[in-house]
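The sequence lines fix the lettering, A, B, ..., with proteins before strands; numbering per chain opens at 1.
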Protein chains: 2
Amino acid sequence: MSATAQSSPKRDHLMATAWRLFYRDGLRAVGIDTILGEAGVAKMTLYNHFASKEELIIAILEKRDLEFRTSLMAQVESAGTDPEQRLLAVFDWLEGWFGSESFKGCVFIRAVSEYPEPTHPIHQTAWRHKIAVKAALTDLCGAAGAKDAVALAETLSFLIDGAIVTAHATQTTAPARSARVTAAQLLKLATA
Amino acid sequence: MSATAQSSPKRDHLMATAWRLFYRDGLRAVGIDTILGEAGVAKMTLYNHFASKEELIIAILEKRDLEFRTSLMAQVESAGTDPEQRLLAVFDWLEGWFGSESFKGCVFIRAVSEYPEPTHPIHQTAWRHKIAVKAALTDLCGAAGAKDAVALAETLSFLIDGAIVTAHATQTTAPARSARVTAAQLLKLATA
DNA sequence: AAGAAAATAGACAGATCTGTATATTTTGTG
DNA sequence: CACAAAATATACAGATCTGTCTATTTTCTT
């Protein structure tokens, strides 16, 4: 088995366990041994699948990025065809997320916080997620008729990230509602 | 010397060195020994002034909170008496901060990220700063004639935190400008 | 100058960290 | 069954972590 294999039961199980612990306690706070103990997997199995803890973290972040955006866009699709409703569906999705049992903020913001040097591979991987989300928002803003879709998407990104951090620290879902109201106002301004 | 003493040259020097390293590399990433080596201070001196690394971190966060808000309010004061200009001065202050040499985001957001459990003393201390800033923003929003100053201040808080994270990851000051424009729009809406 | 307070060096404990090496056992496949 | 791949247990290296202890020296105050 090579370290470049993209999937296997053991690898998936390892990533699932690591994800849970990393998200709950933090990337630096969780050691390899803790993950291995919790997963019931031998250390060499981890190092046969991943070159290092750093590569494990990066693999997890990339997986979460896909899952996150897939889930978000599914909610957008379920909102129908009205462009405004599709954009605002993003905030409904946030509300559900904030209310979920194990919600502990945004792992990407947290990764950027834990690896503050912008050149660090983990920092860069985490930020690529934010760029991807902003691109999706830009599409939604453009479809909704925003004159400057890029600018509105950036503003909504700020709003969303701020709401996530507040929802995390306060353990409430209300920030999603507040942000939704503001988003609706900003969209109206941007299309006027 | 007791561990409750609030100030002394050694204590101040220790806190200044620790602050620099913590902010640059992260709270968990920097060990006590690194701080002591950089500061040129004996280990027992640290433990005579602080009960633990955690208490050192908390003391630093509380000090930074005061310095941060003092600096911010000084810029507000320098903006004169016009309530709108005073509120928007917050974003000018942000722009200066984002452009500063060693800018690495918001240590309070990063502390909340590194200690994700909301009951953790470090998490709580960091969040108290955000609450204090929001209170100051609420005053500025009220003075500027916002109908719901609390709601506007919360929205601006989201905007600010999001802009900080983006400025950090992208190493640019532009988010301050974007946020300023949006803040002006939202204030107009809130006073109409 | 004398006594008290503060800071020092340095060793140490005991745990934890990432990553490696090796030899054995399990698993899957032909 | 036989062979190869995968996973295992275990030990280990070497560094690092927070925090304690002790004995000595420096600094401050009176």
Side-chain angles (χ1 to χ4, degrees), chain A residues 1-61 111 114-115 117 120-123 125, chain B residues 1-61 111 114-115 117 120-123 125:
Chain A
M1 171 234 315
S2 76
T4 56
Q6 289 305 302
S7 182
S8 85
K10 284 286 173 199
R11 184 188 157 104
D12 294 348
H13 178 232
L14 221 32
M15 286 179 71
T17 302
W19 158 249
R20 183 169 53 80
L21 297 176
F22 280 147
Y23 184 58
R24 191 188 64 188
D25 298 336
L27 301 175
R28 294 197 113 107
V30 177
I32 291 296
D33 290 340
T34 304
I35 296 167
L36 295 172
E38 194 86 1
V41 164
K43 184 173 277 196
M44 279 313 295
T45 301
L46 188 156
Y47 281 103
N48 279 332
H49 284 288
F50 303 95
S52 62
K53 180 186 178 181
E54 180 175 311
E55 291 215 357
L56 169 62
I57 290 173
I58 288 173
I60 288 172
L61 290 179
E114 287 209 63
Y115 297 87
E117 178 54 49
H120 194 289
I122 291 176
H123 183 112
T125 301
Chain B
M1 173 234 313
S2 77
T4 55
Q6 289 305 301
S7 182
S8 86
K10 285 286 174 200
R11 184 187 155 105
D12 294 348
H13 179 232
L14 220 32
M15 285 179 71
T17 302
W19 157 249
R20 183 169 53 81
L21 298 176
F22 280 148
Y23 184 58
R24 191 188 65 189
D25 298 336
L27 301 175
R28 294 199 113 107
V30 177
I32 291 296
D33 290 340
T34 304
I35 296 167
L36 296 172
E38 194 86 2
V41 164
K43 184 172 276 194
M44 279 313 295
T45 301
L46 189 154
Y47 282 103
N48 278 332
H49 284 289
F50 304 95
S52 62
K53 180 186 178 182
E54 181 175 311
E55 291 215 357
L56 169 63
I57 291 173
I58 287 173
I60 289 172
L61 290 178
E114 287 209 64
Y115 297 87
E117 178 55 48
H120 194 288
I122 292 176
H123 183 113
T125 301

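- The separation between K10(A) atom NZ and dA5(D) atom P is 19 Å, rounded to whole Å.
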Quiz item: Tell me, for nucleotides 13-30 of chain C in 5' to 3' order, what letter each nucleotide earns: B for a base near a protein heavy atom under 4.0 Å, S for only sugar-phosphate near one, - for neither?
Solution: ----SBBBBB--------
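- In this structure, Y115(B) has its ring center no closer than 6.0 Å to that of H123(B).
- Closest heavy-atom contact between I35(B) and L21(B): CA-CD1, 3.9 Å.
- Summarising the geometry of E54(A) relative to P121(A), their closest heavy-atom pair is OE2-CG, 3.4 Å, with the distance given to 0.1 Å.
- Rounded to whole Å, atom C1' of dT10(D) lies 14 Å from atom CG of L36(A).
- Between R24(B) and E117(A), no side-chain nitrogen of the basic residue sits less than 4.0 Å from a carboxylate oxygen of the acidic one, so the salt-bridge criterion is not met.
- In terms of heavy-atom proximity, K43(B) sits nearest to I32(B) at CE-CG2, 4.4 Å.
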